Amino acid sequence: MVGCSDDGRELVPPDAPLPPGTILDGSASAGGPADTVVAGSLQTLPPERLQLLAAWPDSGVLPLRHTCVDAGVSPALAWTVAPPGTAEMAIAVTDLDGGREVHWLVEAIDPAAGAIAEGELPPDAVVRMVDGSIVGWDPPCPPAGETHELLFTIYALPQQIELPADAPADEVIAEYEATALDRASVTAAVQLGA
């Protein structure tokens with residue numbers, strides 16, 4: 001005996017295209033980022049792009065301990081999974097309001113490290129010279145009463161940078177920009193008082 005009842009549900013015609021991002025078997029469709037599933041529940045997959053994470057929110061205030069008026073230590077940073085083909089990571093920190101002054105250049109970072117602890121570097125990382133003489137974190141020190149914006153950028157590089165150790169910082173950053181597979185940034189405001 002066969003019965004049929006109307007329970008209010010509609011069937012999608014078999015030749016109708018699925019919405020972009022529909023997941024059939026746990027993997028994203030070719031139509032775009034996965035944001036729906038066949039069962040109808042919303043699903044968010046991990047980010048596909050590199051992200052840089054800091055102890056402060058993007059556009060937040062850089063803690064004073066990283067400036068010239070306190071301990072002057074480099075900040076802790078973390079990043080998400082690097083794109084395929086990444087051989088190393090590099091980090092550049094520039095002052096967007098101080099004539100593009102460079103405060104830190106670090107490269108040869110193992111992509112799998114995932115983070116740099118405060119005041120430390122991962123094994124085998126290479127720190128480049130900034131400001132013509134400083135090797136390492138150059139704590140920001142804007143004039144009293146001025147607010148400067150620091151740009152922290154991480155680069156996923158496909159190979160080691162082939163520039164001399166004393167190459168100018170702007171040339172090094174230009175090489176990062178030209179060769180990066182991906183990049184991500186956060187900013188921080190620096191103000192040292194009135």
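Quantities reported herein were computed from a predicted structural model and do not represent experimental measurements.
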Are [Y] and [X] co-members of a hydrophobic cluster defined by side-chain heavy atoms under 4.5 Å apart?
X	Y	value
Val127	Leu77	yes
Leu121	Trp79	yes
Leu62	Leu96	no
Leu181	Met89	no
Met129	Ile91	yes

Once you round to the nearest 0.5 Å, how far does [atom1] of [X] lie from [atom2] of [Y]?
X	Y	atom1	atom2	result
Gln51	Thr80	CD	OG1	5.0 Å
Arg183	Glu177	CZ	CD	4.5 Å
Asp97	Leu150	CG	CG	9.0 Å
Trp104	His66	CH2	NE2	9.5 Å
Leu64	Gln191	CG	CD	10.0 Å
Ile116	Trp137	CD1	CH2	11.0 Å

Item to check | Tyr155-Glu88 side chain donor-acceptor pair, cut-off 3.5 Å | outcome: no
Checklist entry - Can a donor-acceptor pair be found between the side chains of Asp58 and Thr187 at a distance below 3.5 Å? => result yes
Within the 4.5 Å heavy-atom criterion, are [X] and [Y] side-chain neighbours or not?
X	Y	result
Thr67	Leu192	yes
Val61	Trp56	no
Val102	Asp170	no
Val172	Glu107	yes
Glu171	Leu163	yes

Next on the checklist: Among residues at least two apart in sequence or on other chains, which ones pass side chain to side chain donor-acceptor pair (under 3.5 Å) with Thr94?
Outcome noted: none
Nearest atoms (heavy-atom pairs only) where [X] meets [Y]:
X	Y	value
Leu157	Ala180	CD2-CA, 4.0 Å
Pro164	Arg128	O-NH1, 2.8 Å
Pro122	Ala115	CG-O, 4.1 Å
Asp95	His148	OD2-ND1, 2.7 Å
Phe152	Val93	CD2-CG2, 3.4 Å
Leu50	Ala82	CD1-CA, 4.4 Å

Checklist entry - So Glu118 and Arg65, side chain to side chain contact (heavy atoms under 4.5 Å, CB included) or not? Walk me through it. => result CA-CA 10 Å; Glu118 181 181 271; Arg65 67 180 289 98; 2.9 Å; yes
Next on the checklist: Is it the case that the side chain of Asp70 and the backbone of Gly72 share a donor-acceptor pair, with hydrogens and angles ignored and the cut-off at 3.5 Å?
Outcome noted: no
Next on the checklist: Could you check whether any side-chain N or O of Thr86 sits under 3.5 Å from a backbone N or O of Pro158, counting only pairs where one atom can act as donor and the other as acceptor?
Outcome noted: no
Checklist entry - Tell me the disulfide (SG to SG under 2.5 Å) pairs involving residues 90-169, sequence neighbours left out? => result Cys68-Cys141
